[in-house]
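Have a look at the structure below before the remarks.
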Amino acid sequence: MKMGIVIVTGVPGVGKSTVMNAAKDFGYSIVNFGTTMFEEAKKEGVKDRDDLRKLPVDVQKRLQKQAGEKIGQMDNIIVDTHASILTSSGYWPGLPEWTVKAIMPNQIVLVEALPEEIENRRSKDISRTRDKDDIGLHQRINREYAIAAAFMTGATAVSYTHLTLPTKA
Ligand code: AMP
Ligand code: MG
């Protein structure tokens, strides 16, 4: 059965990957957008996934486009990604028109939490290099970018506490 694509977004450290593991029980496979981008970037000498967002935005755009087109070919997947990325030149959409239209998700989920909870989770995760940013602001910007992506594709936009996944028939 074709269940389509669900996109799950949330600021770094919100616990997105942890939350998404539950979706495996519904017959979805998890695809990490950052990993798909990083696989391409490694061929060009990028050594750390946390260096991706520091690359010139035009390079990030190219890698993002390649990853979006690859992911758009798949089905029955949950995509772990970001509604926006804080780059050196500002908040950049993770799901710009060409990327979200290549993917055509059924649903865009925003995983949100209190900024202080996220701060706390980030400080415990030594495997990643997290930015020191305004988490509340980033979450507000993400809502707006997620709504724009939903508008362009007809996907529903939901917060994760209301997450309802279509079950396997
Ligand atoms: P993550 O492990 O989810 O934090 O992803 C690692 C990195 O991949 C992020 O810091 C971004 O640089 C990049 N990335 C993930 N999703 C997207 C996206 N939709 N658009 C652009 N870059 C992305
Ligand atoms: Mg993650």
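Predicted, not measured: the structure shown is a model, and the values here were computed from it. As the structure lists them, so they are numbered: ligands from 1, and atoms in each ligand from 1.
Under a 4.0 Å criterion applied to the non-hydrogen atoms of Trp92, ligand 1 contributes the atoms 21 (C), 22 (N). Atoms of ligand 1 found under 4.0 Å from any heavy atom of Phe33, numbered from 1 in the order shown, are 16 (N), 17 (C), 18 (C), 19 (N), 20 (N). Listed by number with element, the atoms of ligand 1 under 4.0 angstrom from any heavy atom of Arg53 are 10 (O), 12 (O).
Distances between N or O atoms of Asp50 and those of ligand 1 include no value under 3.5 Å. Some N or O of His82 is nearer than 3.5 Å to an N or O of ligand 1, by distance alone. In terms of N/O distances under 3.5 Å, ligand 1 is approached by Gln64.
In this structure, Gln60 has no heavy atom closer than 4.0 Å to ligand 1. The closest approach between any non-hydrogen atom of Phe38 and ligand 1 is not below 4.0 Å. Residue contact annotation: Leu95 has no non-hydrogen atom under 4.0 Å from ligand 1.
A distance-only check finds a donor-acceptor pair linking the side chain of Thr9 to the backbone of Val109 [under 3.5 Å].
Within 6.0 Å of CD in Glu39 there are more than 12 heavy atoms belonging to other residues, nucleotides or ligands.
Residues Glu69 and Lys65 are paired through a salt bridge, judged by an N-O separation under 4.0 Å between the basic side chain and the carboxylate. Ion pairing between Arg122 and Asp133 holds under the 4.0 Å rule for side-chain N and carboxylate O.
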**OP:** Please test Glu44 against Arg62 for salt bridge (charged side-chain N to carboxylate O under 4.0 Å, His left out), starting from the C-alpha separation and ending with a verdict.
**Re:** CA-CA 12 Å; Glu44 298 175 29; Arg62 178 170 50 78; 3.0 Å; yes
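Within the set Thr87, Leu86, Thr81, Thr129, the minimum heavy-atom distance to atom 18 (C) of ligand 1 is found for Thr81. The residue from Arg128, Arg49, Arg130 that puts a heavy atom closest to atom 4 (O) of ligand 1 is Arg128. Taking each of Lys61, Met37, Lys16 in turn, the one with a heavy atom nearest to atom 23 (C) of ligand 1 proves to be Met37.
Across Tyr91 and Ser84, no two heavy atoms sit closer than the pair CD2-OG, 3.9 Å. Gln139 approaches Val111 most closely through the heavy-atom pair OE1-O, 4.3 Å.
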